[in-house]
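Because the structure is predicted, anything quoted here is derived from the model rather than measured. In listed order, ligands and their atoms are each counted from 1. Residue indices begin at 1 and follow the sequence shown.
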Amino acid sequence: MKIAVIGGDGTGPEVTAEAIKVLAAVAKTDGFDFELTDYDFGGDRYLKTGEILPDGAVDELRQYDAIYLGAVGHPDVEPGILEKGLLLELRFQLDQYINLRPVKLYQGVETPLADKGPEDIDFVVVRENTEDLYCGVGGFLKKGTADEVATQAAVYTRKGCERCIRWAFEFTRKRNNPDGKLLTLVAKTNVLTYGHDLWWRTFQDVAKEYPDVKPDYNHVDACCMWMVKNPEYYDVIVTTNMFGDIITDLGAMIQGGMGVAAGGNINPDPGGTSMFEPMGGSAPKYTGQGVINPIAAIGAMAMLLEQTGQEAAGQRVLDAIQVVTGTKMESQAAGKMGCSTSEVGDLVVESLKT
Ligand code: IPM
Ligand code: MN
């Protein structure tokens with residue numbers, strides 16, 4: 001397995017190191033080889049060279065089986081530059097049209113939801129990752145004047161929503177929830193009567209091909225309510241890019257915070273290159289202190305394994321993570337874990353069952 005590694009900014013490289021430590025251990029137990037290639041993309045390189053992704057970089061990254069990304073975001077770089085120039089650029093150029101976000105409360109992890117436990121908080125959000133308000137379609141008129149006009153258009157295509165919805169149905173079928181396979185479309189059909197009407201009609205059409213999956217619908221505002229009140233209701237959610245961005249931060253909080261939440265930017269097509277990352281940012285104030293939580297980063301590595309044909313290895317890592325969160329860590333907050341960043345990585349390695 002050939003993996004491109006972008007450690008990135010701030011604490012990104014520290015948590016990436018722990019994920020790689022776990023990868024090396026599980027490669028032994030599961031008997032596969034891997035090869036890592038480091039890329040120094042991120043804020044420091046940008047400040048030195050003015051370049052975010054050099055010419056040819058995307059085509060080079062395309063050659064890998066997967067990309068592992070630590071974090072981007074640098075205190076001396078204006079917000080938006082690295083996010084757009086690196087993260088969104090790779091999502092678009094590599095056509096990673098699925099953003100996969102498991103919302104799972106691991107054993108021993110505290111949730112702000114009263115009376116909810118790991119059996120209640122265990123669902124997956126499938127977010128469309130290439131369209132919607134993220135396309136950058138829009139502009140200004142009379143900028144800087146009292147008559148200024150700004151537009152920002154949401155772009156939805158039949159192809160774009162259909163491939164995402166179909167993948168979500170397949171995923172729900174495979175996930176095989178013992179309580180019944182339920183796929184909830186989250187949108188806002190009562191107001192976005194063009195774009196989300198296209199999503200709604202496409203969802204109804206594709207649902208006919210999956211009679212074993214129950215199709216379901218929530219408006220996005222109601223979904224936020226249910227995620228807090230009855231998270232156990234959900235199995236898989238499929239949603240648009242912008243709403244997916246928002247509800248997955250809510251999801252990250254109910255699963256115990258940015259220290260544990262992981263995600264994948266997936267191009268599921270043959271030969272497609274996917275990218276996996278912890279959800280938390282670069283947390284620059286914690287850089288170099290060994291206090292940042294690497295659980296999300298290790299979870300992102302588990303997802304990478306699952307999506308690149310090493311399902312058993314991915315599951316083994318997830319099980320080990322839960323041993324560590326359930327019995328070894330005091331908290332998931334940076335600096336309060338009861339152990340250092342690298343000790344958490346060691347504990348996960350020790351907890352891998354053979
Ligand atoms: C995410 C992030 C990105 C997004 C930002 C950094 C552009 O919030 O992965 O959810 O909005 O998609
Ligand atoms: Mn986000």
### Task
Could you pull out the atom name of the N/O/S atom in D245 that is nearest the Mn ion (ligand 2)?
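In D245, the heteroatom (N, O or S) nearest the Mn ion (ligand 2) is OD1.
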### Task
Determine, stepwise, if the pair Y134 / N129 fulfils side chain to side chain donor-acceptor pair (under 3.5 Å).
CA-CA 8 Å; Y134 278 75; N129 212 26; over 6 Å; no
### Query
Nearest to atom 1 (C) of ligand 1 by heavy atom, R101, E277, R91: which?
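The residue whose heavy atom sits nearest atom 1 (C) of ligand 1 is R91.
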### Task
Pick, from D245, L133, V72, the option with the minimum heavy-atom distance to atom 10 (O) of ligand 1.
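The residue whose heavy atom sits nearest atom 10 (O) of ligand 1 is D245.
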Do me a favour and list the nearest non-hydrogen protein atom to [atom] with residue, atom name and distance?
{"atom": "atom 11 (O) of ligand 1", "answer": "Y134 OH, 2.5 Å"}
{"atom": "atom 6 (C) of ligand 1", "answer": "E83 CG, 3.5 Å"}
{"atom": "atom 5 (C) of ligand 1", "answer": "L87 CD2, 4.3 Å"}

### Message
On the six-membered ring of Y194, is R201 placed so that its NZ or CZ lies under 6.0 angstrom from the centre and within 45° of the ring axis?
### Response
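Judged by the rule (NZ or CZ under 6.0 Å from the ring centre, within 45° of its axis), R201 is not positioned above Y194.
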### Query
If Ile, Leu, Val, Met, Phe, Trp and Tyr residues are connected whenever their side-chain heavy atoms lie under 4.5 Å apart, and connections chain through other members, are Y68 and L90 in the same group?
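Shared cluster, no.
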### Task
Report yes if the distance between the aromatic ring centroids of W167 and F171 is under 6.0 Å, otherwise no.
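When the ring centroids of W167 and F171 are compared, they turn out to be within the sub-6.0 Å range.
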### Query
Are K84 and ligand 1 in contact, using a heavy-atom cut-off of under 4.0 Å?
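So K84 does not count as touching ligand 1.
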### Message
As an exercise, state the distance from CG of L105 to CD1 of I121, rounded to the nearest 0.5 Å.
### Response
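Rounded to the nearest 0.5 Å, the CG-CD1 separation comes out at 5.0 Å.
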### Worked check of side chain to side chain donor-acceptor pair (under 3.5 Å) between N267 and Y97
CA-CA 6 Å; N267 178 335; Y97 58 87; 5.2 Å; no
### Message
If you measure every N or O of R127 against every N or O of ligand 1, does any of those distances drop under 3.5 Å?
### Response
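Among all N and O atoms of R127, at least one is under 3.5 Å from an N or O of ligand 1.
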